[in-house]
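Input: a single structure, listed below in structure tokens.
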Number of protein chains: 2
Amino acid sequence: MGTRIADRVREQIEQMIVTGEFADGERLDEVKLAEQFGVSRTPLREAFQSLAASGLLTLEARRGAFIRHPDFVELVEMFEVMAELEAMCGFRAARRVTERQMTDIGLTIDACEAAIAAGDSDEYYRENEKFHHLLYEASGNRFLAREAARLHKRLKPYRRMQLRVNGRMPQSMREHRAVFAALERSDSKAAAATLRLHVAIQGERFNDLMASYRQMGARKAG
Amino acid sequence: MGTRIADRVREQIEQMIVTGEFADGERLDEVKLAEQFGVSRTPLREAFQSLAASGLLTLEARRGAFIRHPDFVELVEMFEVMAELEAMCGFRAARRVTERQMTDIGLTIDACEAAIAAGDSDEYYRENEKFHHLLYEASGNRFLAREAARLHKRLKPYRRMQLRVNGRMPQSMREHRAVFAALERSDSKAAAATLRLHVAIQGERFNDLMASYRQMGARKAG
DNA sequence: TTCATTCTTTTTGTATACAAGAGATTTGAC
DNA sequence: GTCAAATCTCTTGTATACAAAAAGAATGAA
């Protein structure tokens, strides 16, 4: 991607979306955004197309571009797929991960724990994200890594809800350690199973998420 | 999708791509395509963005839109992910598939076999595709179904290679029947395992595909 | 010839202009 | 006041015009 305006604009809007800057149902005004970015509508509309194809927004014919947050059912479905993709990555990584990659993964886990201890949740999110991306890479399947990263990005606005719930972060860290241990002993099945549970929404977390979702929905609507 | 030119054009180009109308490395000429479709470059370029985001073509900054067939490694990687998505669909479908869906799936299997008997390979491809799409739907996870369908479409140009090899079609049919049987007895694991093997490229099929790929590459290049 | 350089042409990227549909508003009847 | 129809405004979709970069052709030196 060179210095194309369309690409830059796409990147910026993408960031705005994944950081939850838009409310559910909000329409992205072409002219407003265009002058906000200081560009014409043409590259902006190309960015819209690209974002829509990635699922980050929805284009309705002759109505415009809308942020359509997934409903609760779809959100669970998406996490279900994410869980399976991560499990797949872990399964393959257990056999293929390099020394170097293990070192990097270990570092992110340490950094995550340090962030928790320091109460720095932004730092935690960053390192947590790094952990997962390293895992995708370690799968040794570059296509899989890209697809996992894509869905990961799409779920970004909703992942915070998942982590915010009480006591989730220490549990999450234990799971990271368990994944690391499984990779270390090349235990594909354990790595896959741990990651599947790490990401999936089931049991208590189902209820926690539902509550957060309702809250979020209320806030966004208001 | 209303009556937007961009959408119609996108659809048409997509068809052209998945039916293998373009050679590897081929550049899609904006002005030529525009006048071919009788439209301006604007909707065409929007279609390009959308197609690129779906992975069906590659945009290179200030160079244009190119068809970039995956290299052999990437192709295997993609089928690996496809196998897992189909396994996931089968796993879930075994618990959730409806009577109606089972009937439909059974019909496509019959139609596939009839097509083989009649030597009608186009019909076979159509019904085979229907079989897989029904399976995606039967998973009960609509997001998963969409993602599976997306990758399925992207792999379309290469699936024919896989089926073309000697004796593959009857084997493929046995696998369809095995999937059906597993669904009928709600055997999630069997459904998943059968589908994983059905789609994955391993063992002999690896070599078969590699040979076909080389052939195809040669043909396209020439 | 072969290579590098300059000029020309082609093609992409962006802006703007125009057309047409969706939504809001006004007007009028009851 | 309420509803409906017509009008107006705003927004999207498409075409065209222009700018700039890349590809290609021509020129000239070794």
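Model, not experiment: these values are computed from the prediction. Below, chains carry the letters A, B, ... as their sequence lines are ordered, and counting in each starts from 1.
- Remark: C1' of dT12(C) and CG of Asp7(A) are 13 Å apart, rounded to the nearest angstrom.
- Expressed to the nearest 0.5 Å, how far CG of Leu57(A) lies from CZ of Phe22(A) amounts to 8.5 Å.
- At a threshold of 4.0 angstrom between heavy atoms, the contacts of Val31(B) with the nucleic acid are absent.
- The side-chain tip of Arg146(B) does not point at the ring of Phe143(B) from less than 6.0 angstrom away and within 45° of straight on.
- Checking dG13(C), dT14(C), dT14(D) against the side-chain heavy atoms of Ala6(B) singles out dT14(D) as nearest.
- The CD-C1' distance, from Glu60(B) to dT11(C), rounds to 14 Å in whole Å.
- What separates CD of Glu30(A) from P of dT14(D) is a distance of 11 Å, to the nearest Å.
- Taking atom CG on Leu44(B) and atom P on dG13(D), their separation rounds to 16 Å, with Å as the unit.
- Distances were taken from every side-chain heavy atom of Thr42(B) (C-beta onward) to each of dT12(D), dG13(C), dT16(D); the shortest belongs to dT16(D).
- For the pair Arg45(A) CZ and dA15(D) P, the computed distance is 12 Å after rounding to whole Å.
- Remark: P of dT11(D) and CD of Glu26(A) are 14 Å apart, rounded to the nearest angstrom.
- Note: CG (Asp29(B)) to C1' (dT9(C)) measures 14 Å, nearest angstrom.
- Side-chain contact check for Thr3(A) and Arg62(B): at least one donor-acceptor pair (N or O, by modelled atom type) lies under 3.5 Å.
- Glu86(B) and Tyr136(B) share a side-chain donor-acceptor pair at under 3.5 Å.
- Between Arg63(A) and dG23(C), a side-chain N or O to OP1/OP2 separation shorter than 4.0 Å is present.
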